[in-house]
K.L.:
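Just passing along the structure, written as structure tokens.
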Amino acid sequence: MLRFEVTADDLLHSRFAISPLFELDSLIRILAGLSRGQRLPPGWAGRLRPAYERLSADPAMRAVVALHSPRRGPGFLAPPPAGLAQTIEDDLTAVRATPLALARRDIRDCLARRACHDPAALAVLHDARVSELLADALERAWQSLLAADWLRLRVICERDVLHRSADLGRSGWAAAFDGLPRVRWRRGGIEIPQLLDAEVDVAGRGLLLVPSVFIWPGVAAHHEQPWHPAIIYAARGVAALWEPDPPPAEALAALVGRARARLLEALAEPASTTQLARSLGLAPGAVGDHLAVLLRAGLLDRARSGRSVLYRRTPLGDAMTATASL
């Protein structure tokens with residue numbers, strides 16, 4: 001069991017972040033057959049497998065995979081995110097800036113856990129430009145494997161953070177940690193029973209909490225450089241990826257229109273105009289127009305959260321959506 005020992009200072013400095021490169025890292029592990037129980041939504045493996053096989057013809061991509069083992073991976077290829085606005089460009093810049101000594105130490109540790117017998121991949125790993133070469137391979141993998149789906153996946157992670165931030169405001173950090181899947185709060189510490197035995201003193205640094213899509217149904221943690229102590233957990237709502245998107249209820253669509261019916265059904269949890277546009281594949285301007293109509297009809301209300309305006313169904317909107325789906 002992994003246990004993080006935390007103090008009031010640690011809780012004060014704990015925060016949420018999103019990691020595009022950790023998602024890509026997890027996806028590559030699944031496609032390479034190195035994940036421990038993680039799997040892809042229906043249809044994703046068949047859709048992504050040809051692209052992954054093409055990428056694997058590149059020795060640099062094979063070098064990326066060679067650094068992974070069933071329980072560990074190279075920390076410098078999934079650097080800690082700075083916050084919720086993290087982009088893949090931020091992540092790749094951090095990988096390219098990895099000091100050679102740190103990269104070589106991480107590579108040595110990874111190859112000690114799982115030997116590599118591919119001469120071309122080893123040549124990449126022993127190159128003085130290894131951080132740049134692997135970052136370039138990851139950039140190509142991002143474009144081929146994840147870029148087209150990222151907006152939808154990012155919305156899932158953002159909405160998870162919104163939900164847990166509301167829980168945090170109501171009940172405090174102890175309840176927020178207990179609400180994380182496969183994580184528990186015990187005797188002033190955070191425990192993850194599924195992970196390797198270790199006790200980590202967070203020592204005032206705070207915990208980094210990172211929602212993830214592809215970690216589902218598991219959990220991961222970091223406590224070694226370059227990461228601060230971090231927990232990567234399955235984002236709330238990720239199960240929706242394993243379910244086909246149902247058409248809006250016909251009665252509701254007939255009453256308010258198909259696009260507005262989809263918006264009403266999507267607002268079971270608060271969301272911003274941008275999040276709704278990304279998740280539903282609609283133009284932000286059109287979403288804004290539809291939300292204004294639903295707001296005037298009393299089916300939605302709105303509230304500001306930081307820099308965003310979040311929309312949510314009113315009791316009338318809930319009742320209309322529930323009745324229409326019967």
Side-chain angles (χ1 to χ4, degrees), residues 1-26 38 73 75 78-88 90-91 94 150 153-196 198-239 269-272 275 305-308 310:
M1 176 180 69
L2 175 63
R3 178 179 168 86
F4 288 109
E5 298 287 351
V6 296
T7 65
D9 269 355
D10 293 311
L11 298 183
L12 181 64
H13 293 100
S14 293
R15 57 192 173 87
F16 290 94
I18 291 175
S19 175
L21 203 45
F22 184 88
E23 293 299 280
L24 177 63
D25 175 90
S26 298
Q38 282 75 38
L84 295 173
Q86 191 83 2
T87 67
I88 186 62
D90 296 331
D91 282 340
W150 175 240
L153 304 188
R154 187 180 193 99
V155 166
I156 291 174
C157 294
E158 288 174 344
R159 292 179 78 164
D160 172 276
V161 172
L162 284 172
H163 174 83
R164 297 189 193 282
S165 296
D167 280 351
L168 175 61
R170 286 191 298 265
S171 306
W173 276 110
F177 284 120
D178 261 342
L180 296 179
R182 299 178 179 244
V183 176
R184 66 192 187 195
W185 175 273
R186 293 289 185 276
R187 303 183 307 281
I190 298 105
E191 298 177 348
I192 309 175
Q194 292 83 3
L195 299 185
L196 291 175
E199 289 195 7
V200 179
D201 186 355
V202 179
R205 292 171 289 175
L207 278 167
L208 189 63
L209 303 174
V210 183
S212 168
V213 172
F214 294 122
I215 199 67
W216 185 87
V219 65
H222 286 286
H223 55 85
E224 298 173 347
Q225 291 292 337
W227 282 73
H228 289 291
I231 299 173
I232 301 97
Y233 62 91
R236 186 174 183 272
V238 70
E269 298 285 347
S272 68
Q275 290 170 334
S305 176
R307 297 182 180 180
S308 298
L310 303 182

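Only heavy atoms go into these numbers, but all of them, side chains included; no hydrogens, no water, no symmetry mates.
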K.L.:
Roughly how far, to the nearest 0.5 Å, is the CD1 atom of Ile190 from the CG atom of Leu2?
P.N.:
10.0 Å

K.L.:
First locate atom CD of Gln275, then atom CZ of Arg159, and finally report the distance between them rounded to the nearest 0.5 Å.
P.N.:
6.5 Å

K.L.:
Within a strict 4.5 Å, meaning less than it, do heavy atoms of the Ser212 and Tyr233 side chains meet?
P.N.:
no

K.L.:
For the residue pair Trp150 and Ile88, establish whether any side-chain heavy-atom pair is separated by less than 4.5 Å.
P.N.:
no

K.L.:
How far apart are the closest heavy atoms of Asp91 and Ser19, and which atoms are they?
P.N.:
OD2-C, 4.1 Å

K.L.:
For Asp10 and Gly204, work out which heavy atoms get closest and say how close.
P.N.:
OD1-N, 2.5 Å

K.L.:
Applying side-chain contact (heavy atoms from CB on, under 4.5 Å) to Val210 and Phe16, what does each step give before you reach the verdict?
P.N.:
CA-CA 6 Å; Val210 183; Phe16 290 94; over 6 Å; no

K.L.:
Could you pull out the closest heavy-atom pair between Pro211 and Val161, with the gap in Å?
P.N.:
CG-CG2, 3.8 Å

K.L.:
Taking Arg154 for its side chain and Pro20 for its backbone only, find out whether a donor-acceptor pair lies under 3.5 Å.
P.N.:
no

K.L.:
Does the side chain of Val183 come within less than 4.5 Å of Phe4's, by heavy atoms?
P.N.:
no

K.L.:
Which value, rounded to the nearest 0.5 Å, describes the distance between Glu191 atom CD and Arg3 atom CZ?
P.N.:
4.5 Å

K.L.:
Would a distance-only check, ignoring hydrogens and angles, find a side-chain to backbone donor-acceptor pair under 3.5 Å from Asp9 to Arg205?
P.N.:
no

K.L.:
Just wondering, do Leu208 and Arg15 contact through their side chains at under 4.5 Å, heavy atoms?
P.N.:
yes

K.L.:
I need the minimum non-hydrogen distance between Ile156 and Ala235, along with the two atoms involved.
P.N.:
CG2-CB, 3.9 Å

K.L.:
Looking at Val213 and Glu23, what are the two nearest heavy atoms and their distance?
P.N.:
N-OE1, 2.8 Å

K.L.:
Would a 4.5 Å heavy-atom cut-off, applied to side chains only, mark Arg236 and Pro181 as touching?
P.N.:
no

K.L.:
Are Leu209 and Arg164 side-chain neighbours, meaning at least one heavy-atom pair lies under 4.5 Å?
P.N.:
no

K.L.:
Which of these passes side-chain contact (heavy atoms from CB on, under 4.5 Å) with Ile18: Asp160, Leu153, Leu84?
P.N.:
Leu84

K.L.:
Starting from the C-alpha separation in whole Å, work towards a yes-or-no answer on side-chain contact (heavy atoms from CB on, under 4.5 Å) for Ile231 and Val219.
P.N.:
CA-CA 7 Å; Ile231 299 173; Val219 65; 4.1 Å; yes

K.L.:
If we ignore hydrogens and angles and just use 3.5 Å, is the side chain of Arg184 paired with the main-chain N or O of Pro193 as donor and acceptor?
P.N.:
no

K.L.:
Look up atom CG in Asp201 and atom OG1 in Thr7, then write down how far apart they are to the nearest 0.5 Å.
P.N.:
8.0 Å

K.L.:
Is any side-chain heavy atom of Leu162 closer than 4.5 Å to one of Ser272?
P.N.:
no

K.L.:
Mind checking the CZ-NE2 spacing from Phe22 to His222? Nearest 0.5 Å is all I need.
P.N.:
5.5 Å

K.L.:
Any idea which heavy atoms bring Asp90 and Ala85 closest together, and the distance?
P.N.:
OD2-O, 4.0 Å

